[in-house]
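Since the structure comes first, as structure tokens, the remarks are kept for the end.
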Amino acid sequence: MAKAGRITIAEVEEIVEAGELDPDDVHLPGIYVDRVVLGTNYEKRIERTTVTDPAADSTVSLNAARSRIVRRAAKEFKDGMYV
């Protein structure tokens, strides 16, 4: 939506110097941003720490599901096709 707007305002947690961020971490290039607002009181509700239980062995069902997907995809290919 930011690319289609007339004015784009980015509310940020922290303002850093140019070159401090990894380009892969940027969601919206600066060329599309017209105004920057330093926000306060951030509460990150979306981010949750999740860890896997080493006792739970989910790799068996995952491998079975993957092999089923691979077999189905292999049926779709014809001779001479490539990915």
Side-chain angles (χ1 to χ4, degrees):
M1 293 300 296
K3 295 178 184 179
R6 287 188 188 175
I7 297 175
T8 303
I9 301 171
E11 183 178 9
V12 298
E13 294 179 36
E14 181 181 356
I15 297 177
V16 297
E17 294 295 322
E20 286 189 41
L21 295 176
D22 182 26
D24 293 331
D25 294 336
V26 177
H27 296 279
L28 181 69
I31 193 166
Y32 297 113
V33 178
D34 298 307
R35 309 280 191 275
V36 176
V37 176
L38 181 61
T40 58
N41 299 331
Y42 279 99
E43 182 180 334
K44 297 181 181 181
R45 297 181 197 183
I46 296 174
E47 297 177 11
R48 295 187 182 123
T49 303
T50 57
V51 294
T52 57
D53 183 14
D57 189 18
S58 62
T59 58
V60 174
S61 63
L62 182 63
N63 289 335
R66 284 185 179 179
S67 64
R68 185 174 43 231
I69 292 169
V70 169
R71 282 190 303 242
R72 174 64 191 257
K75 290 180 182 179
E76 300 291 327
F77 287 106
K78 302 206 178 359
D79 288 338
M81 295 177 79
Y82 62 92
V83 178

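Keep in mind that what you see is a predicted model, and the values were worked out from it rather than measured. Below, all heavy atoms of this structure are taken into account, side chains as well, without hydrogens, waters or symmetry copies.
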(message) Suppose we screen for side chain to side chain contact (heavy atoms under 4.5 Å, CB included). Which residues come up paired with Glu20, at least two apart in sequence or across chains?
(response) Val16, Glu17
(request) Kindly work out whether a path of hydrophobic side-chain contacts (I/L/V/M/F/W/Y, heavy atoms less than 4.5 Å apart) joins Ile9 to Tyr32. (result) no
(message) If you compare all heavy atoms of Arg35 against all heavy atoms of Ile7, which two are closest, and at what distance to 0.1 Å?
(response) CG-CG2, 4.4 Å
(message) Could you see if Val12 belongs to whatever hydrophobic cluster contains Val33? Use Ile, Leu, Val, Met, Phe, Trp, Tyr and a side-chain cutoff under 4.5 Å.
(response) yes
(message) Are more than 12 heavy atoms, taken from residues, nucleotides or ligands other than Ile31, located less than 6.0 Å from that residue's CD1 atom?
(response) no
(message) Among residues at least two apart in sequence or on other chains, which ones pass side chain to side chain contact (heavy atoms under 4.5 Å, CB included) with Asp22?
(response) Asp24, Asp25
